[in-house]
Amino acid sequence: QFPSEVYWRRLFASAPPPLRFAFKVPEEITCQTFPAHARYGSRAGLANRSFLDARLLEDAFLAPLAPYRERVAVLIFEFGAFPRKSYPRAGDFAAALDGFLAALPAGFRYSVEIRNPEFLEPPYFECLRAHAVAHVFNAWTRMPELAAQTSLPQAYTAAFTVARALLRRGRSYEDAVRRFSPYDQIREENPSAREALRNLIRRSRQQRQEAYIFVNNRLEGNAPASIEAILEGV
């Protein structure tokens, strides 16, 4: 959904001004084909006509959000895993993304999260760098480990860093829910992910750049405790 102006006003009034927010851009923009799931109703399984529609994004999402841009840390374009037929090569996805990013208005920090490991190639990173958009380092079931992603020099495409630690590689969302609910304690440490996030923090400090790092309950079982453990080792 695209939030209304009333929604934005209430949200930003609910917290003190120093608190900054991060938002994922609605699926109306980032979903190429709506999943065959009941929550999508009559659109389930159909192509999304609004996919990568920069004008719709600006009118329905960015313009109402613009009065609060100083309180927006970063906007995240989360793209689900594309089938091979959609973009056979990394360059094909980068070409589609390039036109979209070029049409976005200035004033926000933008970042892109992908779920296709084969896209982690020069054309993708070059596209992001050309538009000062950050690659989202993400721990997810079918993506390379965070340590592998953060070791790629070309992956640092903007003057800020974004990371999302969601799932252990090879683990499904459903399995993580089953193992970790009700998320009241760490149930399985992930030392590799922790150290990769610490390295991102260290790098950002050295570069004097901002870093926006998000940790999910389904990484280890309890996100606040994971964050504390990560920071203790920095």
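Every value quoted in this text rests on a predicted model; they were computed, and no experiment measured them.
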Do Phe180 and Leu219 pass the side-chain contact (heavy atoms from CB on, under 4.5 Å) test, and can you show the C-alpha distance, the side-chain angles, and the key distance before you say yes or no? CA-CA 9 Å; Phe180 298 151; Leu219 181 71; over 6 Å; no
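- The closest side-chain donor-acceptor pair between Glu210 and Tyr212 falls under 3.5 angstrom.
- The side-chain heavy atoms of His131 and Tyr110, taken from C-beta on, include no pair separated by under 4.5 Å.
- Taken from CZ in Phe119 to CZ in Phe79, the straight-line distance is 10.0 Å, to the nearest 0.5 Å.
- Under the 3.5 Å distance criterion, with hydrogens and angles disregarded, a donor-acceptor pair is assigned to the side chains of Tyr124 and His135.
- We find the CG-CZ distance between Asn216 and Arg164 to be 7.5 Å, quoted to the nearest 0.5 Å.
- A chain of hydrophobic side-chain contacts below 4.5 Å, direct or via other Ile, Leu, Val, Met, Phe, Trp or Tyr residues, connects Phe108 to Leu52.
- The 12-atom threshold is not exceeded at CD of Glu70, counting heavy atoms of other residues, nucleotides or ligands nearer than 6.0 Å.
- One distance of note links CG of Leu146 with CH2 of Trp140; it measures 13.5 Å at 0.5 Å rounding.
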Start with the C-alpha distance between Tyr156 and Phe137, add both sets of side-chain angles, then the distance that settles ring-ring contact (aromatic ring centres under 6.0 Å, His included), and finish with yes or no. CA-CA 9 Å; Tyr156 299 89; Phe137 298 100; 5.1 Å; yes
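- In this structure, Glu113 and Leu166 have side chains that are in contact, with non-hydrogen atoms separated by less than 4.5 Å.
- The distance from the CD1 atom of Ile29 to the CG atom of Leu75 is 12.0 Å, given to the nearest 0.5 Å.
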Take Glu220 and Arg187 through the salt bridge (Lys or Arg N to Asp or Glu O under 4.0 Å) test and state the conclusion after the steps. CA-CA 6 Å; Glu220 297 184 326; Arg187 298 183 182 274; over 6 Å; no
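- In plain terms, the two heavy atoms of Pro144 and Gln149 that are nearest each other are O-NE2, 2.9 Å.
- Pro123 approaches Gly91 most closely through the heavy-atom pair CB-CA, 3.8 Å.
- Of the possible donor and acceptor atoms, none in the side chain of Asn138 sits under 3.5 Å from a partner among the backbone N and O of Met143.
- Atom CD1 in Ile213 sits 6.5 Å away from atom OG in Ser204 (nearest 0.5 Å).
- Panel note: side chain Arg171, backbone Thr141; no donor-acceptor pair is recorded below 3.5 Å.
- In this structure, Asn217 contributes its side chain and Ala223 its backbone to a donor-acceptor pair below 3.5 Å.
- The pair Glu78-Arg115 meets the salt-bridge criterion, with a side-chain N (NZ, NE, NH1 or NH2) lying under 4.0 Å from an Asp/Glu carboxylate O.
- Dense packing is recorded around CD of Glu126, with more than 12 heavy atoms of other residues, nucleotides or ligands lying under 6.0 Å away.
- Between the side chains of Thr161 and Gln209, not a single donor N or O lies within less than 3.5 Å of an accepting N or O.
- Looking only at distances, no side-chain donor or acceptor of Glu188 sits under 3.5 Å from a matching main-chain atom of Gly221.
- With His37 contributing its side chain and Arg39 its backbone, the two residues share a donor-acceptor pair below 3.5 Å.
- With Arg205 contributing its side chain and Leu200 its backbone, the two residues share no donor-acceptor pair below 3.5 Å.
- Using a 4.5 Å heavy-atom cutoff, the side chains of Leu231 and Ile201 are in contact.
- The minimum heavy-atom distance between Pro64 and Ala60, with the atom names listed, is CG-O, 3.8 Å.
- Ser226 and Val215 get closest at one heavy-atom pair: CB-CG1, 3.9 Å.
- Among all heavy-atom pairs drawn from Ala176 and Leu167, the shortest one is CB-CD2, 3.5 Å.
- Within the 4.5 Å cutoff, side-chain heavy atoms of Val25 are placed close to those of Leu57.
- In this structure, Arg43 is positioned above the aromatic face of Phe34, its NZ or CZ under 6.0 Å from the six-membered ring centre and within 45° of the axis.
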Full working for side chain to side chain donor-acceptor pair (under 3.5 Å) between Tyr183 and Arg218: CA-CA 8 Å; Tyr183 312 122; Arg218 284 165 287 278; 3.0 Å; yes
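- Inter-residue side-chain proximity for Leu11 and Tyr68 is flagged as unmet; no heavy-atom pair is nearer than 4.5 Å.
- Within the model, atoms OG1 of Thr150 and CD of Glu195 stand 9.5 Å from one another, a figure rounded to the nearest 0.5 Å.
- With contacts defined as side-chain heavy-atom distances shorter than 4.5 Å, the pair Phe93/Asn116 does not qualify.
- Using a distance-only test at 3.5 Å, with no hydrogens or angles considered, a donor-acceptor pair links the side chain of Arg198 to the main chain of Ile230.
- Under the 3.5 Å distance criterion, the side-chain polar atoms of Glu145 are left unmatched by any main-chain donor or acceptor of Ala139.
- Using a distance-only test at 3.5 Å, with no hydrogens or angles considered, a donor-acceptor pair links the side chain of Ser181 to the main chain of Val177.
- Salt bridge annotation for Arg179-Glu174: absent, with no cationic side-chain nitrogen under 4.0 angstrom from a carboxylate oxygen.
- Under the 4.5 Å side-chain criterion, counting only non-hydrogen atoms from C-beta, Phe23 is not in contact with Val74.
- Under a cut-off of 6.0 angstrom, the local environment of CZ in Arg69 is crowded, with over 12 non-hydrogen atoms contributed by other residues, nucleotides or ligands.
- No donor-acceptor pair under 3.5 Å is formed between the side chain of Asn222 and the backbone N or O of Ile186.
- Heavy-atom contacts from other residues, nucleotides or ligands closer than 6.0 Å to CZ of Arg142 number 12 or fewer.
- Linking Ile, Leu, Val, Met, Phe, Trp and Tyr whenever their side-chain heavy atoms come within less than 4.5 Å puts Leu101 and Phe51 in one cluster.
- In plain terms, the two heavy atoms of Glu121 and Ala90 that are nearest each other are CB-CB, 3.8 Å.
- Ion pairing between Glu58 and Arg55 fails under the 4.0 Å rule for side-chain N and carboxylate O.
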Pair Phe21-Trp8, ring-ring contact (aromatic ring centres under 6.0 Å, His included): steps then yes or no: CA-CA 11 Å; Phe21 293 77; Trp8 289 129; 8.6 Å; no
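- Connection of Val112 to Phe61 is established within a shared hydrophobic cluster, with ILVMFWY side chains joined at heavy-atom distances below 4.5 Å, either directly or through further cluster members.
- Under a hydrophobic clustering in which Ile, Leu, Val, Met, Phe, Trp and Tyr are joined whenever their side-chain heavy atoms come within less than 4.5 Å, directly or via other members, Tyr7 and Leu56 fall into the same cluster.
- In this structure, Leu65 and Val72 have side chains that are in contact, with non-hydrogen atoms separated by less than 4.5 Å.
- Cluster annotation: Leu104 and Val136 are assigned to distinct hydrophobic clusters (Ile/Leu/Val/Met/Phe/Trp/Tyr, side-chain heavy-atom contacts under 4.5 Å, transitive).
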